Amino acid sequence: MASTEVKSATTPAPWYAAYPAAQSEVVTISREEVLAMLQNLDGKSEDARDFVLVDLRRNDFEGGTIRGSINLPAQSLYPTLPVIYGIFKAAGLKKVIWYCGSSRGRGSRATAWFSDYLLSVGDTSMESLALAEGVRGWASAGEKYVALIDEYDEAVWTKTG
């Protein structure tokens, strides 16, 4: 009797499964508050900036990004937290605002991981925040938001599916 080998189709673990689950609660910041922060920078030196926007998208980095954001794909974030923290601390930042498409996956995870890191080093002068509704919420919120998307591509934000 011949034995039959059964191959089970297994779904690979998600990229974030390689890292510890975050312990911190996710704190969000509204797009209205971020818009006001960006508008308050008008005419001021970059030295006056005490926050950074971090776009966590990698494969879906399209359609533009919120003005002044840096792109740090979420998949490479966790092992670099100490270096990122050092850069942000040296820059005198008080708020780190993370986002992805919706801020429900990568944005929330990054926010909590960075909050955990801040707790581990005893830093209470810096906040880790997730942009509520992410860049999709920003892009759909009206002209005053769209005006602050660098490399805006309307076709990306209006496609269905």
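Heavy-atom basis, side chains included; hydrogens, waters and symmetry copies ignored. Please read these numbers as outputs of a predicted model, since none were measured by experiment.
- Between the OG atom in S128 and the CD1 atom in I29 there is a gap of 11.0 Å [rounded to 0.5 Å].
- Taking each heavy atom of C100 and L56 in turn, the nearest pair found is CB-CB, 4.5 Å.
- The existence of a salt bridge linking K144 and E32 is excluded, since no basic side-chain nitrogen approaches an acidic carboxylate oxygen closer than 4.0 Å.
- Here N40 contributes atom CG and F51 contributes atom CZ; the two are 8.5 Å apart, rounded to the nearest 0.5 Å.
- In this structure, the side chain of D116 engages the main chain of Q23 through a donor-acceptor pair within 3.5 Å.
- Nearest heavy-atom pair, V26 versus A130, reported as atom, atom and distance to 0.1 Å: CG1-CB, 3.9 Å.
- Taken together through direct or relayed side-chain contacts under 4.5 Å among Ile, Leu, Val, Met, Phe, Trp and Tyr, L77 and Y85 form part of one hydrophobic cluster.
- The main-chain N or O of L72 is never found under 3.5 Å from a side-chain atom of S76 such that the two would form a donor-acceptor pair.
- By the rule that hydrophobic residues join a cluster once side-chain heavy atoms approach within less than 4.5 Å of another member, L53 and I84 end up as members of separate clusters.
- Between K89 and D123 a salt bridge is recorded (basic side-chain N to carboxylate O distance below 4.0 Å).
- Remark: of the listed residues Y16, Y78, W98, Y78 is the sole one forming a ring-ring contact (aromatic ring centres under 6.0 Å, His included) with W113.
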Q: Could you walk me through whether W15 and R106 pass the side-chain contact (heavy atoms from CB on, under 4.5 Å) test, one step at a time?
A: CA-CA 11 Å; W15 64 268; R106 294 164 291 182; 3.9 Å; yes

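- A salt bridge between E127 and K94 is absent, with no side-chain N of the basic residue lying under 4.0 Å from a carboxylate O of the acidic one.
- Counting only heavy atoms from C-beta outward, the side chains of V34 and L131 approach each other to under 4.5 Å.
- Counting non-hydrogen atoms of neighbouring residues, nucleotides and ligands closer than 6.0 angstrom, the CZ atom of R104 reaches no more than 12 such neighbours.
- Using a 4.5 Å heavy-atom threshold, the side chains of Y145 and V135 count as separate.
- Under a cut-off of 6.0 angstrom, the local environment of CD in E62 is crowded, with over 12 non-hydrogen atoms contributed by other residues, nucleotides or ligands.
- Atom CE of M37 sits about 5.0 Å away from atom NZ of K95, to the nearest 0.5 Å.
- To the nearest 0.5 Å, the span separating CG on L129 from CD1 on I97 amounts to 6.0 Å.
- The two residues R58 and P73 make their nearest non-hydrogen contact at CB-CB, 3.7 Å.
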Q) Which is it for S115 and V27 under the side-chain contact (heavy atoms from CB on, under 4.5 Å) test, yes or no, and what are the steps along the way? A) CA-CA 9 Å; S115 291; V27 178; over 6 Å; no

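- By the rule that hydrophobic residues join a cluster once side-chain heavy atoms approach within less than 4.5 Å of another member, I87 and L93 end up as members of one cluster.
- Side-chain contact between V54 and F88: present, with at least one pair of heavy atoms (C-beta onward) separated by less than 4.5 Å.
- Side-chain contact between W138 and Y99 is absent, with no heavy-atom pair separated by less than 4.5 Å.
- Closest approach of G134 to S103, counting heavy atoms only: CA-OG, 3.3 Å.
- To the nearest 0.5 Å, atoms CZ (R67) and CG (L38) are separated by 8.5 Å.
- If you chain together hydrophobic residues whose side chains sit under 4.5 Å apart, I66 and I70 never meet in one group.
- The shortest non-hydrogen separation linking F114 to M126 is CE2-SD, 3.7 Å.
- Residue S69 holds its OG atom at 8.0 Å from CG of D150, rounded to the nearest 0.5 Å.
- Here the shortest heavy-atom pairing between P82 and P79 reads CD-O, 3.9 Å.
- For T80 (side chain) and V83 (main-chain N/O), no donor-acceptor pair under 3.5 Å exists by modelled atom type.
- A donor-acceptor pair under 3.5 Å is formed between the side chain of N71 and the backbone N or O of R57.
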